[in-house]
Amino acid sequence: MKVFQINSVCGYGSTGKIAVDIYNVLAAAGEQCRIAFGRGAAPDGIDCVKIGCEIDVRLHGALSRFTDKSGFYSKKTTLRLIDQIKAFEPDIIHLHNIHGYYLNVKLLFDFLKEYNKPVVWTLHDCWAFTGHCAYYDAAGCTKWQRGCNNCPNLSSYPKSFKDNSRNNYLIKKATFCDVDNLTLVTPSNWLKGEVSHSFLSKYRCDVINNGVNTDIFKPCDSNIKTRLGIENKKMLLGVASVWEERKGLADFISLAKKLTDDYAIVLVGLSDKQKKSLPENIIGITRTSDQKELALVYSAADFYINLTYEDNYPTTNLEALCCGTPVITYDTGGSGEPVSNDCGAVVPCGDIDAVISALNMPKNTEKIAKIASNFDKSVCFEKYFELYKEILNA
């Protein structure tokens with residue numbers, strides 16, 4: 001079996017880690033896999049190819065800002081990618097995030113229809129079936145169900161000064177809806193439900209939950225509180241790769257104003273500029289790529305707080321639970337799916353008082369450990385291998 005994966009990044013960020021985890025499952029089974037990626041660098045030891053270069057990504061992003069045609073530039077780099085796919089001769093092509101200013105999706109799908117090999121497409125957000133945005137929850141928009149227009153989300157990724165959402169919607173529908181042997185995968189039941197109301201509803205859609213490395217993310221002795229000078233306080237943790245508006249940074253600041261001195265909030269992944277704007281009872285830490293260090297931070301926390309307004313199936317929730325830390329999350333997307341009453345709480349979006357009330361729950365270490373056992377990546381991503389075999393044997 002030969003599998004060719006395509007994603008915006010390789011080895012970092014939630015989707016980049018997922019692509020590499022699937023690669024490792026295949027490699028352990030003696031199968032061949034190659035990852036093509038568009039941005040950043042890849043870990044050593046991975047059979048991968050870089051799509052284009054930073055200049056092309058920047059140009060694609062700049063043009064998209066003025067035309068709202070994200071995903072429809074980068075023609076030359078996409079043609080080179082197609083040549084690389086042909087040379088590899090995969091049995092299955094597995095798509096992840098094909099947005100991110102590095103691919104021409106129409107050229108790619110025209111090739112996929114002609115190549116006529118099975119395609120698996122993991123949807124990590126909603127971009128595939130909207131005319132513009134990756135998420136629409138915060139805007140309360142349902143136009144994607146019937147045809148986008150007058151987009152309320154132009155200021156959200158992929159940002160644009162112009163509204164081309166109607167044309168984008170029609171082009172995506174025509175481009176993505178005529179592929180033989182396409183199987184969709186979503187990490188959450190929520191996103192599968194959204195797909196069922198979209199123009200992609202004609203395709204088979206399976207749910208395969210994301211997993212994490214439980215050899216790293218597990219309860220461990222941590223001196224993080226002492227290092228941060230909060231050993232006598234209850235530590236509330238938030239983690240994001242980028243603290244954009246939808247991740248709820250403003251709500252953490254509102255939460256900090258309502259907490260007593262018994263609590264300290266620690267946020268990981270902030271920019272230097274964001275750190276400088278924090279109130280005294282929020283400790284900001286810049287992004288870390290050291291997963292072992294991150295596991296120490298999760299383990300030290302009394303609660304992991306996820307105040308995201310839009311999300312699919314956040315890996316950070318899984319990492320926190322695997323480190324024995326209960327999770328309090330807003331009820332948005334699939335964020336609450338791994339969280340039960342035994343290991344945290346799911347509260348209405350924007351309800352800071354409900355977050356504070358949930359802080360009184362007891363920590364049930366035994367039940368958290370039992371639930372966390374479901375998130376071992378070796379079990380979760382083995383399901384992709386089983387899906388590949390099922391598709392090829394059909």
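If you're wondering where the values come from, they're calculated on a predicted model, not measured in any experiment. For reference, positions follow the sequence shown, starting with 1.
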Worksheet item: Quick one: does NZ or CZ of K172 land under 6.0 Å from the six-membered ring centre of W127, within 45 degrees of the ring axis?
Response: yes
Worksheet item: Thinking salt bridges, do K202 and D178 make one under a 4.0 Å N-O criterion?
Response: no
Worksheet item: Less than 4.5 Å apart, any side-chain heavy atom of F129 and any of E194?
Response: yes
Worksheet item: If you measure from CG on N312 to CG on L191, what distance do you get to the nearest 0.5 Å?
Response: 4.5 Å
Worksheet item: To the nearest 0.5 Å, what is the distance between CD1 (I85) and CD1 (I93)?
Response: 5.0 Å
Fill in: Side-chain touch I98/N7, heavy atoms, less than 4.5 angstrom
no
Worksheet item: Do any pairs count as a ring-ring contact (aromatic ring centres under 6.0 Å, His included) and have a residue in residues 339-360, sequence neighbours left out, and if so which ones?
Response: none
Fill in: Point-to-point distance, once rounded to the nearest 0.5 Å, from CZ of R39 to CG of N97
10.5 Å
Practice prompt. Name the orientation class of the two ring planes belonging to Y388 and Y384 (parallel below 30°, tilted from 30 to 60°, perpendicular beyond 60°).
Written response: tilted
Worksheet item: Any Lys/Arg nitrogen of D311 or K247 sitting under 4.0 Å from an Asp/Glu carboxylate oxygen of the other?
Response: yes
Fill in: The single option from Y115, F72, W121 passing ring-ring contact (aromatic ring centres under 6.0 Å, His included) against F109
W121
Fill in: Any N104 side-chain heavy atom under 4.5 Å of Y73 side chain
no
Practice prompt. Inspect the contact between K106 and D110 and indicate whether a charged nitrogen and a carboxylate oxygen are less than 4.0 angstrom apart.
Written response: yes
Show the atom names and distances, to 0.1 Å, of all donor-acceptor pairs under 3.5 Å that link a side chain in residues 28-37 to residues at least two apart or in another chain.
from: E31; atom 1: OE1; to: M1; atom 2: N; distance (Å): 2.8
from: R34; atom 1: NE; to: D47; atom 2: OD1; distance (Å): 2.9
from: R34; atom 1: NE; to: D47; atom 2: OD2; distance (Å): 3.4

Worksheet item: Below 4.5 Å, heavy atoms only, C-beta onward: do T332 and T308 meet side chain to side chain?
Response: yes
Discussion item. Check whether F111 forms a cation-pi arrangement with K113 (NZ or CZ under 6.0 Å from the six-membered ring centre, at most 45° off the ring normal).
Written reply: no
Practice prompt. Report the distance from atom CD1 of I224 to atom CG of L296, rounding to the nearest 0.5 Å.
Written response: 5.5 Å
Practice prompt. Using a strict 4.0 Å threshold on nitrogen-to-oxygen distance, state whether D56 and R58 make a salt bridge.
Written response: no
Item to complete: Give, for atom CG of L249 and atom CG of L307, the distance between the pair rounded to the nearest 0.5 Å.
Response: 9.5 Å
Worksheet item: In Å and rounded to the nearest 0.5 Å, what is the CD to NZ distance from E54 to K50?
Response: 6.5 Å
Worksheet item: Using 30° and 60° as the class limits, which term best fits the ring planes of Y169 and F199: parallel, tilted or perpendicular?
Response: perpendicular
Worksheet item: With a 4.0 Å cut-off, would you call K383 and D206 a salt bridge?
Response: no
Worksheet item: Testing D137, V355, N306 for side-chain contact (heavy atoms from CB on, under 4.5 Å) with Y330, which one passes?
Response: V355
Fill in: E319 bridged to K377 by N-O distance under 4.0 Å
no
Worksheet item: For atom NZ of K234, is the number of surrounding heavy atoms from other residues, nucleotides or ligands below 6.0 Å larger than 12?
Response: no
